A.B. asks: 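Dumping the structure here so I can ask a few things about it.
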Protein chains: 2
Amino acid sequence: MQESYIDLRIARTKSAIRDALTKLIEEKGFESLTVKDITTRAGINRGTFYLHYRDKYDLLKKCQKEIMDDISKIVQKGFLRDIVSKNSATIPFHFSVSIFEYLDKHGDFMKALLGPKGDLSFHNMWKSVFENNLNNFIKRENLLVPEEYLISYIASAHLGVIQQWLHNGRKESPKEMAKILSSINLNGPIVAAGLKND
Amino acid sequence: MQESYIDLRIARTKSAIRDALTKLIEEKGFESLTVKDITTRAGINRGTFYLHYRDKYDLLKKCQKEIMDDISKIVQKGFLRDIVSKNSATIPFHFSVSIFEYLDKHGDFMKALLGPKGDLSFHNMWKSVFENNLNNFIKRENLLVPEEYLISYIASAHLGVIQQWLHNGRKESPKEMAKILSSINLNGPIVAAGLKND
DNA sequence: AAATCAATCAACACTGTGTTGATTAGAAAA
DNA sequence: TTTTCTAATCAACACAGTGTTGATTGATTT
C-alpha cells in the first residue's frame, strides 16, 4: 500500500500557513491579520496561499472544522459510555477530562482562538457543544429556573474556565480541571466561594 | 444658561452614524462592515465620518466607552450601598437589577455588540466588570477551588445569561433575571437543573 | 443679514485582495 | 538516473476600501 497520497511540498506549505496563523492571531488578532502577513510569516508566496484556501476566512473555517470534527467524536464516545452506565446524576466527569486533554494537545491554537483576540464564532461553537450536551442531561420536570438560562449559564461558565486555564498556561492537569468544574457545579458558586456554609 | 454647546448638525450626524452602526453590526458583524457601509446607511458623506472619528474602530471604542462609563457609575453606587449594608453574603441583588435595567435601556446596541456577531473586546470588558466586582465579595479563606477559576466561572456564566436574555428579546423583567441568576448562584447549577435534591 | 463652521464633493495615493499566465524547481515515477 | 508531474514562484492586473486634501455649499447661530 502506497502512503504517498500527499505531496511533501503541500504538507510543508499547509503546516507553515497554520503555524503562522496561530502566531499571528495571538499577536494581532484574527481580523487584523492579512493574507500577506500569513504568507510572509510562513515564508511562501502570496499566490501559493490561494492555491489552498479561498481567503483567510476559508483557512480559519477549515482549521476550526478539523477541531470540531474531533470534538464530535469525543462527544459521541462519551454519549455511548453514558448509555451503558446510566449514571446521569452529574455532568459526566470523564467527558470533561477528555475535553481538557484535547484542549491541552492543541494548546497553542486553542489559546489563540479562544483567547481575547480570538474568533467569536469559535467561542460560540464551543458553547454550542456544551449546550447540546447539557440538553441530554437536564431533567426538565424539576427545573428551578428557565431551561434556556440554566443552559447558557453552565455552558458559558465552562467555556470561561477553559479560557482562563488556557490563558494561565495550562498548569493544572485535565483531571484537576475537571474536578474544579464539577466542584463548582455540585456545590454552586456561592458555596465554592466560601460565602455560605451549606 | 445656554444649552447650545452642541450644533444640531453634529448631533444629527453622530446619532445617524451610531444608528447605522447598530444595525450593520447585527446584519453583517462589526469586522465585515466598512466606513462606506456606515455612511451610506446613515445618509452622509464618507468624508463627514472622518470629521468625527479616526476610523471605524475609533467609533466603536467611543460608543463602548460611553457604556462602560455608565456602568462604572452603577458599580460605584452599588459599592457604596454595600459598605452601608455590610451584607455581602450574596452577590448583591440590587446591583444585578441595575445592570439588567441598564442593558434593557440600551437593548438594541447591547444585543448587537454582545451578540454572536458582536465585538469580543466588549465581551471581555463586561467580564472584567463582573470579575472586579467578585473580587470584592469573595472570602479567600474558604475557597473550595482556585480563586481565578471560580471568578472566571461566575463572570462568564453571568455574561452568558445576559447574552441569552438579549437574544430572546428581553422578555423577562430585570428583577426576574436577577432572581434567576441568584437562584442558580445560590443553589448551584446542578440543583437548579433538578439533578440533585439538596 | 452676516458670520460661522459642519457637511459635501471630487480627486489623490496607498494598501490589501483575488486572479492571471509564464516560469522554476523539487518530488514522484519510469 | 532520467523523465514526468505539478506545487510553488513571480510579476502584473483590476478592484475595494482607506484616509486625506482643498474648494465649495448651506444650515445654524448671533
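Just so we're clear, the structure is a prediction, and the values are computed from it rather than from any experiment.
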A.B. asks: After noting the C-alpha distance and the side-chain angles of B:F49 and B:Y53, does the key distance pass the ring pair (Phe, Tyr, Trp, His ring centres under 6.0 Å) rule?
C.D. replies: CA-CA 6 Å; B:F49 178 92; B:Y53 305 102; 5.6 Å; yes
A.B. asks: Here's a test of your reading of the structure: between A:T48 and B:F49, which maps to the more 5' nucleotide of DNA chain D?
C.D. replies: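 Mapping each residue to its closest nucleotide by heavy atoms, the 5'-most match is A:T48.
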A.B. asks: Can you measure A:L59 atom CG to C:dG18 atom P for me and round it to whole angstrom units?
C.D. replies: 12 Å
A.B. asks: A:I10 has an atom CD1; how far is it from atom C1' of C:dA25, in whole Å?
C.D. replies: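 Rounding to the nearest Å, CD1 of A:I10 and C1' of C:dA25 are 15 Å apart.
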A.B. asks: Name the orientation of the base relative to the sugar in D:dA16: syn if the glycosidic angle is within 90° of 0, else anti.
C.D. replies: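 For D:dA16, whose glycosidic angle is within 90° of 0, the conformation is syn.
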A.B. asks: Taking only the side-chain nitrogens and oxygens of B:Y50, find out if one of them lies under 4.0 Å from OP1 or OP2 of D:dG19.
C.D. replies: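 Yes, B:Y50 has a side-chain N/O under 4.0 Å of OP1/OP2 on D:dG19.
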A.B. asks: Please give, in whole Å, the distance from C:dT15 C1' to A:K56 NZ?
C.D. replies: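 Whole-Å distance recorded here is 14 Å.
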A.B. asks: Consider the side chain of B:V35, meaning its heavy atoms from C-beta on, and name the nucleotide among D:dT28, D:dG19, C:dA28 that approaches it most closely.
C.D. replies: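 The answer is D:dG19.
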A.B. asks: Does A:K56 qualify as a cation-pi partner of A:F30, given the criterion of NZ or CZ under 6.0 Å from the six-membered ring centre and within 45 degrees of its axis?
C.D. replies: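 Yes, A:K56 sits over the ring of A:F30.
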A.B. asks: Rounded to whole Å, how long is the line connecting atom CG of B:N45 with atom P of D:dT18?
C.D. replies: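 For the pair B:N45 CG and D:dT18 P, the rounded distance is 13 Å.
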A.B. asks: The side chain of B:R12 lies closest to which of these nucleotides: D:dA27, C:dT19, D:dC10?
C.D. replies: D:dA27
A.B. asks: Looking at A:H52, does any N or O in its side chain come under 4.0 Å of the phosphate oxygens OP1/OP2 on D:dA8?
C.D. replies: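 So the side chain of A:H52 is within the cut-off, an N or O lying under 4.0 Å from OP1 or OP2 of D:dA8.
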A.B. asks: Which of these nucleotides, C:dA7, D:dT6, C:dG18, is closest to any side-chain atom of A:R46?
C.D. replies: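 Looking only at heavy atoms from C-beta outward on A:R46, the closest nucleotide is C:dG18.
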A.B. asks: Both distances below 3.5 Å, Watson-Crick or wobble geometry, any strand: find the nucleotide opposite C:dA13.
C.D. replies: D:dT18
A.B. asks: Ignoring hydrogens and geometry, is there a side-chain-to-backbone donor-acceptor pair from B:T48 to B:I44 under 3.5 Å?
C.D. replies: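 No, B:T48 side chain to B:I44 backbone: no donor-acceptor pair under 3.5 Å.
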A.B. asks: Rounded to the nearest angstrom, tell me the gap between atom CG in B:D37 and atom P in D:dG17.
C.D. replies: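 From B:D37 CG to D:dG17 P: 7 Å.
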A.B. asks: Rounded to whole Å, please give me the gap between CZ in B:R54 and C1' in D:dT20.
C.D. replies: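 B:R54 atom CZ is separated from D:dT20 atom C1' by 13 Å.
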A.B. asks: Which distance, rounded to the nearest 0.5 Å, do you find between the NE2 of A:H158 and the CG of A:N185?
C.D. replies: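 The distance works out to 3.5 Å.
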A.B. asks: Rounding to a whole Å, what distance do you find between A:L51:CG and D:dC10:C1'?
C.D. replies: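 Between C1' of D:dC10 and CG of A:L51: 12 Å.
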A.B. asks: Taking atom types as modelled and ignoring hydrogens, do the side chains of A:E131 and A:N135 form a donor-acceptor contact shorter than 3.5 angstrom?
C.D. replies: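 Their side chains do not contain a donor-acceptor pair, so the 3.5 Å distance test is not met.
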A.B. asks: Which of these nucleotides, D:dT18, C:dA28, C:dA25, is closest to any side-chain atom of A:R9?
C.D. replies: C:dA25
A.B. asks: Between C:dA7, C:dT8, D:dT20, which nucleotide has the shortest distance from any of its atoms to the side chain of B:I44?
C.D. replies: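 Of C:dA7, C:dT8, D:dT20, C:dT8 is nearest to the side chain of B:I44.
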A.B. asks: Which of the following nucleotides, C:dG18, D:dA8, C:dT8, is nearest to the side chain of A:T13?
C.D. replies: D:dA8
A.B. asks: Any strand counts, and the cut-off is 3.5 Å on both contacts for Watson-Crick or G-U wobble. Which nucleotide pairs with C:dA7?
C.D. replies: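 Pair assignment: C:dA7 / D:dT24.
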A.B. asks: Starting from C1' on D:dG19, measure out to NZ on B:K36 and report it in whole angstrom.
C.D. replies: 14 Å
